[in-house]
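Report on the following structure.
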Amino acid sequence: MTDVEVLIVGGGPTGLTLACELARRGVTFRVIDKSPQFHRQSRGKGIQPRSLEVFDDLGVVRDFLDAGTSEMPARIHMDRRFVAELHLLADVRPRPDVPYPTLVLLPQWRTEQILRARLAELGGHVERGLRLTGLEQSGSQVVAHLATGEVIHASYLVGCDGGGSAVREAAGIAFPGLVSETEHYLLGDVEVDGLPRDGSYVWYSADESSVGLALLPGTRSWQFGLTVRPGEEGAGQEPSLELFQRLFAQRTGRTDVRLHNATWLSRFSYKVRLADRYRSGRVFLAGDAAHVHPIAGGLGMNTGIQDAYNLGWKLALAVRGQASDSLLDTYERERRPVAESVLRTSGTGMTALFSTRPLMTFLRDRIVLPLMRSTAVTKAIISRTSQLNVNYRDSELSVGDKGKVRPGDRAPDSPCRHPVTGERSRLFDLFRGPHFTLLRFGAVVPGLAERLDALCGDDIRVHHLEPGPPGKRYGAAEGTFVLVRPDGYVALRTRSGDAVVDYLRTFSVA
């Protein structure tokens, strides 16, 4: 007996992205979450450019752009002394290949709200107050046990339930890494009187303590963040507005600034952890259930969103019997190295920039901060965190000829003429949807479209492009085929129509 094809445990950004992916593919699913109600906490507050491209494909990117902002100067203080105002995002503009070049600042509760609305349009919803207590699996299904006594049978189960994942524990997947005994953070959402509402603020001290206030777009609140070490005031204390106010005044010297109307107060440790595997039979992990990152860089939530985007189309093909089990194995092989890389680099740049050690102070004040006022330097920094450079070049799903855009690379956008209507369009418009996209640069190949239709049906769209910007962007000569995966990465680059058919038969829809 199978109740649903996929059970998703966790209704945060990762679980919601996966649910939207499955819903538009006609996969039956349920999304359950242990929380009895939807939260109103800022948590992860930055949507990176690659995640915006995911949301473009899901049809909600305009909602994110309208709700958030990219214009947020950061005012940096050292030992209560103002040292710089950084406008990292102000001069970065869309390009033909990158329509969303900067991150969008938005509280996480609003991100989840937008994704829940999209899921509702697709016919799904999140079931609240349902806690997983255990699971068992066979060769054909997963049986999930809930605290209510309900038992759910599913073909697959995906744990998107955060760092304390009940799915990961029930599946017996180890979660090694570092949990700092010497540092933790106080974090919360508060309203602030006494500061202009046109930027964010960071104060660093000679003892390497810090405090920050980041304005939350679309609200009256700011996200308050503060590091605490053993022996300092606040260590071991429950977070409270009074504690936040007292520590803020001590570290900034600003007794004229008042924090009030706290809607979220939290404390958490510095953690860097990575699951030793992303799959156990028919159980998968995604997002914070698989990897926990430092808060610097804001990459944890975004990495989870892209985990879901990678896994969704593969699960759909497997559920429909159009892919072998080996396709599901590529999820871990593609996504785990990404998390490893993020864990290695999270916070490194922030530590170097804001360290108060004498040498780093000299380098920062004399070299780093002046450079960061350069548009070229800020663009380079944004590029490092945008996740647009993530690639799967080493994946077995990346096949064929090398070129300007290689198999495994993100498939860039480009203006084009719509192959059918002749109207101005863009490649992202052609990619949008739950299908493979085959770009043919040059003349039509007789009979190929019919062969692909017989093999794939609605799972592929074929577009013949005339010479112009797309060919230049991809470095594609006359006669080149570029096959783009449903998640927007180049699967195959070749000059052979037979190779396209063979690829799809072997890897995707056999």
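Quick caveat, the model's predicted, so the values are computed rather than measured.
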For the pair Q108 and E112, evaluate side chain to side chain donor-acceptor pair (under 3.5 Å) and give the outcome as yes or no after the intermediate values.
-> CA-CA 6 Å; Q108 184 174 319; E112 294 178 14; 2.8 Å; yes

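- Residues S200 and A214 approach most closely at OG-CA, 3.3 Å, considering heavy atoms.
- A donor-acceptor contact shorter than 3.5 Å is absent between the side chain of T14 and the backbone of A308.
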For L504 and C456, run side-chain contact (heavy atoms from CB on, under 4.5 Å): C-alpha distance rounded to whole Å, both residues' side-chain angles, the deciding distance at 0.1 Å, then the answer.
-> CA-CA 8 Å; L504 290 169; C456 306; 3.7 Å; yes

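- Taking 4.0 Å as the cut-off between side-chain N and carboxylate O, D459 and R25 do not count as a salt-bridged pair.
- Between V126 and G11, the closest heavy-atom pair is CG1-CA, 4.4 Å.
- Note on K314 versus D329: no salt bridge recorded, every NZ/NE/NH1/NH2 to OD/OE distance being 4.0 Å or above.
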Go through the steps for F55 and L115 under the test side-chain contact (heavy atoms from CB on, under 4.5 Å), then give the verdict.
-> CA-CA 9 Å; F55 296 149; L115 289 174; 3.7 Å; yes

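- Formation of a donor-acceptor pair under 3.5 Å by the S395 side chain with backbone atoms of E334 is not found in this model.
- With rounding to the nearest 0.5 angstrom, the CG atom of L7 is 9.5 Å from the CG atom of L135.
- The CD atom of Q48 lies 8.5 Å from the CG atom of L388; values are rounded to the nearest 0.5 Å.
- A donor-acceptor pair is defined here as one N or O able to donate and one able to accept, closer than 3.5 Å; such a pair exists between the side chain of R282 and the backbone of S155.
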Kindly indicate, with the supporting measurements, whether the criterion side chain to side chain donor-acceptor pair (under 3.5 Å) is fulfilled by S324 and S326.
-> CA-CA 5 Å; S324 67; S326 62; 2.7 Å; yes

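- Interatomic distance, OG of S165 versus CG of L285, reported as 5.5 Å (0.5 Å rounding).
- Side chain of D413 to main chain of V98: no donor-acceptor pair is present (N/O by atom type, distance under 3.5 Å, no hydrogens or angles).
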Carefully, step by step, assess L483 and R493 under the rule side-chain contact (heavy atoms from CB on, under 4.5 Å).
-> CA-CA 6 Å; L483 181 66; R493 185 183 177 112; over 6 Å; no

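- Between R24 and E21, at least one side-chain N (NZ, or NE/NH1/NH2) sits under 4.0 Å from a carboxylate O, which counts as a salt bridge.
- Annotation for Q37: atom CD does not count as buried by contact number, only 12 or fewer foreign heavy atoms lying within 6.0 Å.
- Checking side-chain atoms of N302 against main-chain N and O of G46 turns up a donor-acceptor pair under 3.5 Å.
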How far apart are the C-alpha atoms of S42 and Q223, what are their side-chain angles, what is the distance that settles it, and do they pass the side chain to side chain donor-acceptor pair (under 3.5 Å) test?
-> CA-CA 7 Å; S42 60; Q223 187 184 83; 2.7 Å; yes

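- With hydrogens and angles ignored, the 3.5 Å screen pairs no side-chain donor or acceptor of T330 with any backbone N or O of R333.
- Annotation for P94 and P99: closest pair CB-O, 3.5 Å, computed over non-hydrogen atoms.
- In this structure, the side chain of D161 engages the main chain of V167 through a donor-acceptor pair within 3.5 Å.
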Does the side-chain contact (heavy atoms from CB on, under 4.5 Å) test come out yes or no for K45 and L106, once each step is laid out?
-> CA-CA 5 Å; K45 62 182 184 301; L106 192 68; over 6 Å; no

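- In this structure, R410 is not positioned above the aromatic face of Y489 in the sense of NZ or CZ being under 6.0 Å from the six-membered ring centre and within 45° of the axis.
- Under the 3.5 Å distance criterion, the side-chain polar atoms of E332 are matched with a main-chain donor or acceptor of Y278.
- Side chain of R168 to main chain of A289: a donor-acceptor pair is present (N/O by atom type, distance under 3.5 Å, no hydrogens or angles).
- Using a 3.5 Å distance cut-off with no hydrogens or angles, the side chains of D57 and Y309 do pair a donor with an acceptor.
- Without hydrogens or angle criteria, R336 side chain to A275 main chain gives a donor-acceptor distance under 3.5 Å.
- Counting heavy atoms of neighbouring residues, nucleotides and ligands inside a 6.0 Å radius, atom CD of E121 exceeds 12 of them.
- The shortest side-chain heavy-atom distance between V151 and L146 does not fall under the 4.5 Å cut-off.
- Every residue two or more places apart in sequence or in another chain was checked for a salt bridge (Lys or Arg N to Asp or Glu O under 4.0 Å) with R40, and none qualifies.
- With respect to the salt-bridge test (charged N to carboxylate O, under 4.0 angstrom), the residues R393 and D409 qualify.
- Ring planes of Y331 and F284: perpendicular class, angle over 60° (limits at 30 and 60°).
- Side-chain polar atoms of R116 and Q113 form no donor-acceptor pair below 3.5 angstrom.
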Would you please test R128 and D33 for salt bridge (charged side-chain N to carboxylate O under 4.0 Å, His left out) and show each step?
-> CA-CA 5 Å; R128 314 298 305 181; D33 195 286; 3.5 Å; yes

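- The aromatic rings of H291 and H293 sit perpendicular, their planes meeting at an angle over 60°, well past the 30° parallel limit.
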For Q387 and T303, what are the C-alpha separation, side-chain angles and deciding distance, and is it a side chain to side chain donor-acceptor pair (under 3.5 Å)?
-> CA-CA 8 Å; Q387 301 192 327; T303 303; 3.2 Å; yes

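- With respect to the salt-bridge test (charged N to carboxylate O, under 4.0 angstrom), the residues R320 and E5 do not qualify.
- A salt bridge between R495 and D401 is absent, with no side-chain N of the basic residue lying under 4.0 Å from a carboxylate O of the acidic one.
- Salt bridge present: E127 and R30 bring a charged side-chain N and a carboxylate O closer than 4.0 Å.
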